[in-house]
Amino acid sequence: MIGVYDSGIGGLSILQALRRELPEQDFIYLADSGHGPYGERETDHVLARARRITEHLRGRGVQALVVACNTATAAAIEHLRSEHPDLPIIGVEPALKPALALSRSRRIGVLATRMTLASDKFARLLEPLREQAQFVLRACDGLALAIENSVQGSAQAQADLLACASEHVQALGELGTGSGQIDTLVLGCTHYPFIADQLQALAGSEVCLVDTGAPVARQTRSRLADLAAPAPSGQGHIELISTGPSEGLQAAARRWLAPDLHASTVGLP
Ligand code: DGL
């Protein structure tokens, strides 16, 4: 079984890709909904949650952990790896290099949380690429929360989500394929692929959106192969747990993964 976690429903976008890559693998997905979103909180909070969740999932017997959250990866993955050297831990980070390979205008927009963009890990990722393109960074305050709120959504929650997304996309400046325009947009938070259609409409159809689901899933498969463990013999079972109310997680999983999934709440203070 592989453990996958995020502050909420965002990591389901990574789980979608993991299921495509590893269809027989069993997964346990933990949404830290009682303690998220993470992006505008303190780094120490996100690190403490990462430690708590890793202990919990280890207790459930996971053979690998996917931190399906850019923010938690930036804040905690190095600590987790040194504290759990025997556990393969796979993280996600904004797809700057794939974006560079796609961009012709050499102007790339990056949408991510405030904590991700302020992290040392992100600075180290960006630094060697700065000479090759201009990266326009946008801390999307409120966007992950608006996506969470829209899942079981009232019309008002949908309207609020669109207004929030629109504000952040507009703040990037001109988008398009002309010179000096942003032609590639990195979705640097695992929540954002769920509004890819809305973002595409706001950015324009010529702009290329890049997320990290497929590469993370491939990397997970190769890490499992390194373990020399027997090939997954599960049936692709997915267990969904939330540290807060489970309705949003269940609704999101039914919409984006499979219509018969069930989510429950786990106490994990
Ligand atoms: N889905 C997350 C990420 O990839 C976290 C968003 C949040 O909790 O603010 O960054």
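Remember, it's 1-based here, ligands and their atoms both numbered in the order they're listed.
- Closest approach of Ala258 and Arg19 over heavy atoms only: CB-NH1, 4.3 Å.
- Heavy-atom proximity to atom 4 (O) of ligand 1, evaluated over Thr71, Asn70, Asp6, Val92, is greatest for Asn70.
- The pair Asp86-Arg58 meets the salt-bridge criterion, since a charged nitrogen lies less than 4.0 angstrom from a carboxylate oxygen.
- Taken to the nearest 0.5 Å, the OG atom of Ser119 stands 13.0 Å off from the CZ atom of Arg114.
- At a heavy-atom cutoff of 4.0 Å, ligand 1 is contacted by both the backbone and the side chain of Cys189.
- Each of the following atoms of ligand 1 lies closer than 4.0 Å to a heavy atom of Thr113: 6 (C), 9 (O), 10 (O).
- Of all atoms in ligand 1, listed by their number and element, those nearer than 4.0 Å to a heavy atom of Ala144 are 6 (C), 7 (C), 9 (O).
- Every atom of ligand 1 with a heavy atom of Ser7 under 4.0 Å away is listed here by number and element: 5 (C), 6 (C), 7 (C), 8 (O).
- Backbone and side-chain nitrogen or oxygen atoms of Gly39 are examined, and one is located within less than 3.5 angstrom of a nitrogen or oxygen of ligand 1.
- Assignment of Gly36 to the shell around ligand 1 is not supported, since no heavy atom sits closer than 4.0 Å.
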Next item on the list: Would you sort out whether Asp183 and Thr177 count as a side chain to side chain donor-acceptor pair (under 3.5 Å), showing the intermediate values?
Entry: CA-CA 5 Å; Asp183 68 352; Thr177 50; over 6 Å; no
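- The heavy-atom pair separating Asp211 from Ala95 by the smallest distance is O-CB, 4.3 Å.
- Distance check, rounded to the nearest 0.5 Å: NE2 of His35 to CG of Leu268 gives 6.5 Å.
- For Asp26 (side chain) and Gly236 (main-chain N/O), a donor-acceptor pair under 3.5 Å exists by modelled atom type.
- Between Glu40 and ligand 1, no N or O atom pair is found at a separation short of 3.5 Å.
- Some N or O of Tyr38 is nearer than 3.5 Å to an N or O of ligand 1, by distance alone.
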